[in-house]
Each structure stands twice: as C-alpha cells, then as structure tokens.
Amino acid sequence: MLDTAVTHRPASLVDPFGRAITYVRVSVTDRCDFRCVYCMAEDMTFLPKKDVLSLEELDRLCSAFIDKGVRKLRLTGGEPLVRRNIMSLIRSLSRHLDSGALEELTLTTNGSQLARFATELADAGVRRINVSVDTLDPVKFKEITRWGELDKVKAGIEAARAAGLKIKINAVALKDVNEFEIDDLIRWAHGDGMDLTLIETMPLGEIGTDRTDQYLPLSLVRSRLESKWTLEDIAYKTGGPARYVRVAETGGRLGLITPLTHNFCEGCNRVRVTCTGTLFMCLGQEDAADLRAPLRASEADDFLNAAIDEAISRKPKGHDFIIDRQHRKPAVGRHMSVTGG
Ligand code: SAM
Ligand code: SF4
C-alpha cells in the first residue's frame, strides 16, 4: 500500500508585505518583582488574574503559532520567571524543540530568579537567554529598578553560565544615569563572553515621569564609543531589530536597538502577544487582535487559527514612534511590561 503519510510542513504566516512571521514574543505575565523607572510606575495596578491567559492557554497559543511556522519563541513579561509554575509551561513547550518544529525557545529576564531556575531552563532545552542589566553600580541599580539587587542578578547570571546558557545582556541607555558607564558594561559583558545590546528608551506607557529626560540617542553613544573603541559593522542578525558591531579590542558583539532614530521595520519577522492574549502585529502601533476570545470559545483551535491568520493579514508596514517635547505623551499607551520587550 502506498504510504500516504506526508512530512508535516507548517504553512507559513506571511504578511501583506511578504514578510514571513517566524518569531513570536509572548508575555506570560504583566507582573514583576522590579519597578524599573523607564518601564513601570512604582504603584502599578496589575491585571486581574481572570484576564491573564492560563498556562494551558499560553501553551495552546504558542503551539498554534509554531504549527504555523514560527521557529523562535521568546517568553517575556513583566518578569517571566515570577509567573507561578512557569517551568511547567517551558517544559511543555520544549516538546516543540524535541520535534524540531521550534528552533529556539528563549526568554528575556531581569535575572532576579535565575539562580533558582538556571539548571531547569537548561534541562528544558533553553540555550540562550537575555538578561537586562543597565548598570554595574549597585546603588544606581537600585535607583533604576527601584526594587532590584544587583548582587542577586549577578549571581543569577553566574548560575546561568554554569548551567551552560549563553547570555546576552540588554541595557537601556539612559541619559545622566548609565550614559558614562557604557564602556564598563562593554568590558564586563565581553570579558565574560556575553554579547551586549543597548536599547533606546521607547515611549511605551505612562510611567509618571517625563521621558524626554531619559532619552539618550544611541547615535550619540556610538560616536562617543568610536573615540575609544574600534567598532566594525557586521552582518550578524538575530531576527531582532538590533544592528550589530564587533568591538575589535574585545572581540565581542555590541547590538544597538534604535527604534527612534532608525527604522528597523523592513525586515520585521515578528509579532507580540500580551499575557491577556492580545496580538500586536507591530510594537509601535495600536492595531491589535484579540486571541483570548477565540482561545476560550472552543477547545479546538479552529477559531484561534482563523484569528491569527486574519490578524497577520493586517500587519502594518512599520511604526511611528515619537518622543517630543510638545506631546510628552507616550506614542503608544501600553507599557512594555504588558506587550513584552
Ligand atoms: N522583566 C524582563 C526584563 O527586564 O528583562 C523582561 C521584560 S522587559 C519589559 C524587556 C526589556 O524591555 C528589558 O530589557 C527592559 O529593559 C526593556 N524595556 C522596558 N521598558 C522599556 C522602554 N520604555 N524602552 C526601552 N526598553 C524598555
Ligand atoms: Fe520588570 Fe523588566 Fe519592566 Fe524592569 S524592565 S520593571 S524588570 S518588566
């Protein structure tokens, strides 16, 4: 008899501009054990639990995207590692790594819980993680994160490295705060074999302060760095918006994410889903699709699949971020901790 089994090739998600969507970032919680000044107000009101997707719903949602050809999944938040039982979701999702459907399962974390979870993450097939560290000065670290402790995060990074995880450090460039510490961050990260990515502040959500005070253009940072270091443009891409250079003196990679001074939209291969199941087709646009209703409407995934397809057909060409002194309001009202960084 003829073997009718066909190798499963996922139908790819292609947007109206011909970009295949292969990368999804999913926020698994809006909660966090830090209150970084550029991200949250100190007295944040978090979402009621019933609005947040359950771990089972998150699993179905991620799996639906993977069935549609998504190859890279990043869990974020809020702080993903403070979500109760998060490891059960990560272990469950790792079946897609075993099957080969998923190339990479990763997360962005503030590192506070890493010492606890590093080994389990490695055992579940996580290979690389991003850890956010904006300063190496413990006092400033407390000022920026309000509730964080640098020592704990450093211990978490050590544990993750010992478990064999590759680490990329993310640092938000902040005027007057870590502005003159970037050299130290490069020495530290590259000295330990970690890539470093600098991020410009993005106008996402009200944070109770004026963002024009925080904004430090990376074009300025880069020109200052170039007076001390040899920066070589390289073609390295991670599927993200970062442009990479190699620092000749350290041999390490430095990424620059400049959503405000450059346009990174042409090659965009990603979408984001909030912890309430809202799919944002673009980080800088309000247009969104609700995936929670179709998830909850049926145990089968037909509604969910249709909603994803319909949303991708509306993915916009690009964003229109703006931080300016006249408007002073965020271009996009939601916080990064809701959309996921
Ligand atoms: N809690 C985790 C963390 O801090 O890594 C994951 C979520 S956090 C929202 C993801 C990344 O977004 C972090 O690197 C953080 O520094 C960055 N971020 C948060 N708010 C931002 C903003 N308004 N502009 C630029 N980056 C921001
Ligand atoms: Fe929490 Fe990350 Fe936002 Fe800081 S940047 S408050 S660690 S979600």
Side-chain angles (χ1 to χ4, degrees), residues 25-44 46-47 74-83 86 106-114 117 128-135 141-150 152-153 156-157 160 167-175 177-178 185 189 195-218 221 240-242 255-261 264 270 272-275 280 283-284 319 321-323 329-341:
R25 296 186 161 211
V26 178
S27 172
V28 297
T29 178
D30 63 327
R31 285 161 204 256
C32 187
D33 53 347
F34 290 5
R35 291 288 180 279
C36 301
V37 290
Y38 47 76
C39 179
M40 294 191 183
E42 189 155 20
D43 57 343
M44 288 290 285
F46 293 109
L47 295 161
R74 178 177 297 279
L75 305 183
T76 177
E79 173 46 42
L81 296 179
V82 302
R83 172 90 197 235
I86 187 64
T106 183
L107 64 155
T108 302
T109 172
N110 66 23
S112 68
Q113 311 296 315
L114 260 185
F117 289 119
R128 302 191 308 158
I129 55 173
N130 290 359
V131 185
S132 305
V133 179
D134 301 328
T135 174
F141 189 85
K142 179 121 253 174
E143 280 166 20
I144 296 173
T145 62
R146 292 197 184 101
W147 297 359
E149 277 170 49
L150 182 61
K152 240 177 136 177
V153 171
I157 291 173
I167 296 175
K168 179 163 79 68
I169 301 295
N170 282 344
V172 176
L174 297 162
K175 195 163 143 192
V177 181
N178 60 5
L185 282 166
D195 287 349
L196 172 70
T197 294
L198 302 175
I199 311 172
E200 263 175 8
T201 50
M202 295 184 233
L204 299 175
E206 284 291 355
I207 49 166
T209 53
D210 184 352
R211 282 182 194 278
T212 45
D213 293 342
Q214 302 177 342
Y215 179 56
L216 174 63
L218 286 187
V221 174
L256 302 158
I257 300 188
T258 55
L260 303 174
T261 50
F264 57 69
R270 61 183 52 198
R272 293 172 164 79
V273 188
T274 69
C275 58
F280 283 98
L283 179 63
H319 66 57
F321 279 133
I322 183 163
I323 293 184
K329 284 228 164 289
V332 172
R334 61 188 189 273
H335 288 89
M336 187 73 127
S337 51
V338 174
T339 325

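Throughout, residue positions are numbered sequentially from 1 according to the sequence presented. Whatever order the structure lists ligands and atoms in, that order sets their numbers, starting from 1.
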Mark up the atoms of ligand 1 that fall under 4.0 Å of a heavy atom belonging to T109, in ascending order. 2 (C), 3 (C), 5 (O)
Provide the closest heavy-atom pair for L75 versus P80 in the form atom of the first, atom of the second, distance. O-CG, 4.1 Å
Look at the N, O or S atoms of C32, main chain and side chain alike, and state whether any lies under 2.8 Å from atom 3 (Fe) of ligand 2. no
Are any non-hydrogen side-chain atoms of I144 and F34 less than 4.5 angstrom apart? no
For ligand 2, which atoms have a heavy atom of C36 less than 4.0 angstrom away? 4 (Fe), 5 (S), 6 (S), 7 (S)
Non-hydrogen atom of A171 closer than 4.0 Å to ligand 1: no
Ignoring hydrogens and angles, state whether a donor on the side chain of E79 or T109 is under 3.5 Å from an acceptor on the partner side chain. yes
Under 3.5 Å, N or O to N or O, is E79 touching ligand 1 that way? yes
Numbering as shown, the atoms of ligand 1 that approach G77 to under 4.0 Å (heavy-atom distance): 7 (C), 9 (C)
Ignoring hydrogens, just give me the one of G148, A41, G78 whose non-hydrogen atom is nearest atom 8 (S) of ligand 2. G78
Does any non-hydrogen side-chain atom of T108 lie less than 4.5 Å from one of S132? yes
Would you mind running through ligand 1 and noting each atom that sits below 4.0 Å from a heavy atom of T201? 24 (N), 25 (C)
For N170, counting its heavy atoms only, list the atoms of ligand 1 lying under 4.0 Å from any of them. 14 (O)
Close-contact set for ligand 1 against S132 heavy atoms, below 4.0 Å: 3 (C), 4 (O), 5 (O), 13 (C), 14 (O)
Check each atom of ligand 1 against the heavy atoms of T76 and keep those under 4.0 Å away; list them by number with element. 6 (C), 7 (C)
Mind checking whether C39 contacts ligand 2 via backbone (N, CA, C, O), side chain (CB onward), both or neither, at a 4.0 Å heavy-atom cut-off? side chain
Where ligand 2 meets F34 - atom numbers and elements under 4.0 angstrom, heavy-atom basis: 6 (S), 7 (S)
With respect to atom 6 (C) of ligand 1, which of G111, G148, G78 exhibits the smallest heavy-atom separation? G78
As an exercise, identify every atom of ligand 1 less than 4.0 angstrom from a heavy atom of V172. 16 (O), 26 (N)
Out of R146, E42, E143, which one pairs with V37 under the side chain to side chain contact (heavy atoms under 4.5 Å, CB included) rule? R146
Distance, nearest 0.5 Å, that separates CH2 of W147 from SG of C36: 11.0 Å
Proximal atoms of ligand 1 relative to C39 (non-hydrogen, under 4.0 Å): 19 (C), 20 (N)
